[in-house]
Protein chains: 2
Amino acid sequence: MQDVGYSVRGKVKSPLSIGIDLMGSDAPARELLETILLHYDSFDDPIYLTLFGTSEVFEGIPSPSASLSFFPVQEAIYMHELPLIAIKRKPHSSLCVGIRMLKEGHLHAFISAGNTGALMSCAKIHLASLSGLKRPALLTLFPGHQSEIALLDVGASISYKAAHLVHFAAMGIAYQKSRGISYPKLALLNIGSEAKKGTPELRDAYQTLEHLSDKNHFIFIGNVEARNVFQTELDVLITDGFTGNIFLKTSEGIAFNILKMIGDIDKENHSLPLQRALYELRQKLDYSKYPGALLAGIDKIVIKCHGEGSSSSILSSINNACQLIKYNFIDKVKEQLQSLLFSGKRT
Amino acid sequence: MQDVGYSVRGKVKSPLSIGIDLMGSDAPARELLETILLHYDSFDDPIYLTLFGTSEVFEGIPSPSASLSFFPVQEAIYMHELPLIAIKRKPHSSLCVGIRMLKEGHLHAFISAGNTGALMSCAKIHLASLSGLKRPALLTLFPGHQSEIALLDVGASISYKAAHLVHFAAMGIAYQKSRGISYPKLALLNIGSEAKKGTPELRDAYQTLEHLSDKNHFIFIGNVEARNVFQTELDVLITDGFTGNIFLKTSEGIAFNILKMIGDIDKENHSLPLQRALYELRQKLDYSKYPGALLAGIDKIVIKCHGEGSSSSILSSINNACQLIKYNFIDKVKEQLQSLLFSGKRT
């Protein structure tokens, strides 16, 4: 990565430089802009934000600070567009311009709440993959038994081999280490706990991870059934992109519905402790407040926010990006991958 | 099927004859026996029950009625045993004897809470598959938005082709028709709602089902995302066995945990309406109270109860079996399959 003391559009960047795509999400670009304007000076770290949007988004709004820069672009990619066609036809879109600026070293991280497929395709085309990795994975945090679990893949690709699952494991371990967990507990999401359960790919990955766990500073707890995920002490949960998506969205859906049902019941007569507990539970289970999904496996930090609820998600994504930059996440993933690729009997 | 007026061990059967395997589940056989003894005369229909268990299970307990028969067997298959080896080594187990009696026409339905793999393998070996079907599927009911949704496959097999999904659809439609729903609403569980989402198999099944829905007395509502399942009016949800298992167990896990957390909060101060609502919600979301999974796709009625909570599940499975027998479920599935197999452009 280039040094960080150069200028972007005439302004000197602070150590943490983050680009944000305001376009193409379910939330209006102006709403995202206003959320950021309201909170830009309240982040945990001193940061320099570059906001990418079509010129009308910034109309009549002056940049309030030297650490917040507006970057008008010509066009935007929207949710309904086919990824590869969109990024080819719209090279001057906020998404493509942002990814290119990340590539050129003008940004440390790029965040978008837009078209997931377009973001992934653009990142794959313009950014280098980490050595030894065939494909990136979307990594997300979700509320587990006692702490937050890193789940990957949640939708970057739907077919998979055992080697992909092992690579996902390396990325998940590095991610949780960046959050201060020295010995992450890792499991495979499967339809039974025995080593022989599931697809041939899962069985193969089980053997490799079991073999690797002694040497690689993580604890392999084997297969975990979907029912037991929420009762297990766990830091990293590995699965393919199709299953990860189903798992995450099932959790979201049922949590939302149960809390809504309980919230609707006899609201006025809820005791104060119950009201407080329900509020806390709702905060904990509100997936839209969690950082977006990290596109792990490329040599830059790219985060995909939730399309819905993206105003709150974008703020936590900014904090998450800061954390990953400060921890040198990319370097740590490289180390983990080296360690797994060269000590694994089959990766 | 043979006529139903013949004798089993000297006793004349009532019109609905159901066999129950007491062995090999997580609940002790004696506990299952006691549950059945307590409720055997409270079912919606007049039934004749044959209970299969090793002789010590029945020791000291006289059969209380001519409509309840004990059938002592020599051995049992347990949860940890490998299915194919177990059914080969233990032909005189409660599971194998029960399936053979079903085959020979002495029973209309057979229910077991034992080893799922052994039950499926034994059924596949001894019972005929429905014409045109390559494999059976496990079909289960779960609590949806307003009514109960039939979900299949929930674990009979983990690989799949488009034709399997279409066959699962035929079985799900027939099942919901047996429950009085004239025009079942059917969807594919997928990672997005657009027709082009998901695996090639899902895309192919989407096209076939869309084509068939005009002619076959069901409503195809397309792909549904896991998050939206609980907000969608839906009667049949189609997926492969791996994804179905993940979906179902994620729902169970998170529902159990949220209700437990809320139940633990400030219990004494819950208002009466809240207590009642929580009780109802718990009943609705207690998956162990639902009937077991039907092994759909063979020409007899075989039901696999939940290994846990099987005492309450066995009672609802008996009622469910009665319903399926009375509706001539097997014939109805055959009709649906004929209709789909001969009008589908690709099944």
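Keep in mind it's a predicted model, so treat the numbers as computed, not measured. So that the names make sense, note that chain A is the first sequence line, chain B the second, and so on, each numbered from 1.
- The CG atom of A:Asn245 sits 10.5 Å away from atom OG1 of B:Thr243, with the distance rounded to the nearest 0.5 Å.
- Your options are B:His80, B:Glu194, B:Lys196, B:Gln231, and the one with the most heavy-atom pairs under 4.5 Å with chain A is B:Gln231.
- Neither the backbone nor the side chain of B:Leu82 comes within contact range of chain A, judged by heavy atoms closer than 4.5 Å.
- Options B:Ser251, B:Ala255, B:Ala226 differ in how many heavy-atom pairs under 4.5 Å they form with chain A, and the most are formed by B:Ala226.
- The CZ atom of B:Phe247 sits 7.0 Å away from atom CD1 of A:Ile254, with the distance rounded to the nearest 0.5 Å.
- Taking 4.5 Å as the limit, every side-chain heavy atom of B:Arg227 sits out of range of all side-chain heavy atoms of A:Thr250.
- Ranked by heavy-atom pairs shorter than 4.5 Å toward chain A, the options B:Ile191, B:Ile158, B:Leu248 are led by B:Ile191.
- Of the atoms belonging to B:Asn190, heavy atoms from both backbone and side chain fall under 4.5 Å from chain A.
- Annotation: side chain of B:Leu202 is in contact with side chain of A:Phe242 (closest heavy-atom distance under 4.5 Å).
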